[in-house]
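See structure below.
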Number of protein chains: 2
Amino acid sequence: MTGDAGEGRIVVHKYEQVAASIRESIAQSLSPHDALASERELMAIHGVSRMTVRKAISVLVEEGRVYNVHGSGTFVGSADIFSKTPKLTSFTEDMISRGSTPSSRVLELTRIAAPDQVALALGLAPSSEVTKIRRLRLADDTPIALEEVYLPTTVLPTESLNLGSSLYEQLRLAGYEVFRAEQEIMAISLSAEDSRLLDVAEGSAALSVTRVSSSRRGQLIEFARTTYRADRYTFQLAVTRDDK
Amino acid sequence: MTGDAGEGRIVVHKYEQVAASIRESIAQSLSPHDALASERELMAIHGVSRMTVRKAISVLVEEGRVYNVHGSGTFVGSADIFSKTPKLTSFTEDMISRGSTPSSRVLELTRIAAPDQVALALGLAPSSEVTKIRRLRLADDTPIALEEVYLPTTVLPTESLNLGSSLYEQLRLAGYEVFRAEQEIMAISLSAEDSRLLDVAEGSAALSVTRVSSSRRGQLIEFARTTYRADRYTFQLAVTRDDK
DNA sequence: AAGTGGTCTAGACCACCGC
DNA sequence: CGGTGGTCTAGACCACTTC
């Protein structure tokens, strides 16, 4: 039974179906701190094994929708505590998820020798060639950030870049799928030029995020620095203690 | 059978033993991007089932020590890519893990009516009583942060507070174990008073972290705001894309 | 085609919670 | 004490990578 009728079917794992069903139950008929059906009941309801039920629940736990209490049950999480595990997103994805409409203005697109800090961070020889992209990013037509991206030309030649479409998608097609990144968040005072571009007073505080992206295999792909207006952008994340 | 001999014996799960063994192999004889033994080999080596091996590996993946490639194997992660999944830590723990010696100076310890923002964030009635703790935090005897903590007096009476020992430990003993927190990170310009306390120029940029902590069950426990000197503190974290 | 990790089954026992 | 989640076994088939 492959259920190939209808649309082009990609395999949907059973645990995803179970998780989706539980998500629906939560949305329709459960309140925060209500108990879910027990794992053994969920096995019977969905006709799957215990491991599949537990995998489904673990997905929901990671999403912050439910929590386990050993010996007692699995419960719906507080409504206002939605999952904010930070994910690696593009500026465009980030703005859309925040409910804003993103746009951008290219300020610079050049091929240069990698600055020392970039070469060091990406493990490149001292003056390797990189593509530098500098863009003013806007949300709902108001400046919100300045972004500088550095890409080794060996990863993606400058000429084949298309700033009109997703950079991460182009990297993926070139065999460099971005999988993880290390980010450093700091506060800075804006320079005269940057404050003019962002349309704020000189010396205003700003949030600066430096990112080094790598593939699943650990190849260093991208160095980026994004400077956000302090009055229009904050960074939110959920953290847990201990673990276990 | 409490196993009271020597130190308190707690059950060590098999997957933890397998994980520990793999950690040791990595430290002793493997380099980044070397392949681990396959899951089936690890089953034989440790005499455990596949699920136990996979659980052990999943622990290591979460620590950032190894990564999976479907169809190919499990590999040692890059050395410089150590786990930076942000955890909820106290100021003291944070400074120690950064290699500094923490100390602090209490600026204020009062019982007040909760400010609007605090009452709102903690879900308290408008003028509920809270304990306000304001401290100057130092690292290696130099000011690094200003911290304001608000605790409902119903959680912990002001009089029973002991600022000399871990606040989280006191909360745990009072039945309010802090499990998770939502944090908001933003950039601000320092006020005249705060810049004097932190020993920097007035109007300097600073990193402000606002935290709302809750128990495993979602009870809101603590509201805190910490203002860090931009030149002495940055926030680092690893993020991944997609999930799955 | 062979080997790898990813999903899944149908059981079992243990540790913990609340009555 | 019964019910809950946490760990664990011994299998099986699938999807993917590599040769």
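So that the names make sense, note that chain A is the first sequence line, chain B the second, and so on, each numbered from 1. Because the structure is a prediction, the values reported are computed rather than measured.
- For the OP1/OP2 pair of D:dG5 and a distance below 4.0 Å, the side-chain nitrogens and oxygens of A:Arg54 include no atom meeting the criterion.
- Whole-Å rounding puts the A:Arg40 CZ to D:dT7 P distance at 13 Å.
- Protein atom CE of B:Met43 is 16 Å distant from nucleotide atom P of C:dG3, rounded to whole Å.
- For A:Lys55, the salt bridge (Lys or Arg N to Asp or Glu O under 4.0 Å) criterion is met by no residue, not counting sequence neighbours.
- Within the helix from C:dA1-D:dT18 to C:dG18-D:dC1, the inter-axis angle between the opening and closing five-pair segments is 10°, rounded to 10°.
- For the pair A:Glu177 CD and D:dC16 P, the interatomic distance rounds to 13 Å; values are reported in whole Å.
- When the side chain to side chain donor-acceptor pair (under 3.5 Å) test is applied to B:Glu41, no partner is found at least two apart in sequence or on another chain.
- Partners of B:Glu129 under the side chain to side chain donor-acceptor pair (under 3.5 Å) rule, at least two apart in sequence or in another chain, do not exist in this structure.
- Applying the side chain to side chain donor-acceptor pair (under 3.5 Å) test to A:Ser215 and every residue at least two apart in sequence or in another chain returns A:Gln219.
- Interface residues of residues 66-73 of chain A facing DNA chain C, ordered by number: A:His70, A:Gly71; criterion, heavy-atom separation under 4.0 Å.
- A search for side chain to side chain donor-acceptor pair (under 3.5 Å) contacts involving A:Ser128 returns nothing, not counting sequence neighbours.
- The CD-C1' distance, from B:Glu39 to D:dG11, rounds to 15 Å in whole Å.
- Around atom CG of B:Asp116, no more than 12 heavy atoms belonging to other residues, nucleotides or ligands sit under 6.0 Å away.
- In this structure, CD on B:Glu93 lies 13.0 Å from CZ on B:Arg98, to the nearest 0.5 angstrom.
- D:dG5 atom C1' lies 13 Å from atom CD of A:Glu41, rounded to whole Å.
- One can place CG of B:Leu36 at 19 Å from P of C:dG3, the figure rounded to the nearest angstrom.
- Residues passing the ring-ring contact (aromatic ring centres under 6.0 Å, His included) test with A:Tyr228, sequence neighbours excluded: A:Tyr233.
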Protein and nucleotides 8-10 of chain D: nitrogen or oxygen contacts under 3.5 angstrom:
residue: D:dC8; atom: OP1; partner: B:Lys14; partner atom: N; Å: 2.4
residue: D:dC8; atom: OP2; partner: B:Tyr15; partner atom: N; Å: 3.3
residue: D:dT9; atom: OP1; partner: B:Lys14; partner atom: NZ; Å: 3.1
residue: D:dT9; atom: OP2; partner: B:Ser49; partner atom: N; Å: 2.7
residue: D:dT9; atom: OP2; partner: B:Ser49; partner atom: OG; Å: 2.7
residue: D:dT9; atom: OP2; partner: B:Thr52; partner atom: OG1; Å: 2.5

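- When the salt bridge (Lys or Arg N to Asp or Glu O under 4.0 Å) test is applied to A:Glu184, no partner is found at least two apart in sequence or on another chain.
- For A:Arg225, there are no salt bridge (Lys or Arg N to Asp or Glu O under 4.0 Å) partners two or more places apart in sequence or in a different chain.
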I'd like a table of donor-acceptor pairs (distance under 3.5 Å, sequence neighbours excluded) in which one partner is a side-chain atom from residues 43-53 of chain A, with atom names and distances.
residue: A:His46; atom: ND1; partner: A:Leu42; partner atom: O; Å: 3.2
residue: A:His46; atom: NE2; partner: A:Ser21; partner atom: OG; Å: 3.0
residue: A:Ser49; atom: OG; partner: A:Thr52; partner atom: OG1; Å: 3.4
residue: A:Arg50; atom: NE; partner: A:Glu39; partner atom: OE1; Å: 2.8
residue: A:Arg50; atom: NH2; partner: A:Glu39; partner atom: OE1; Å: 3.0

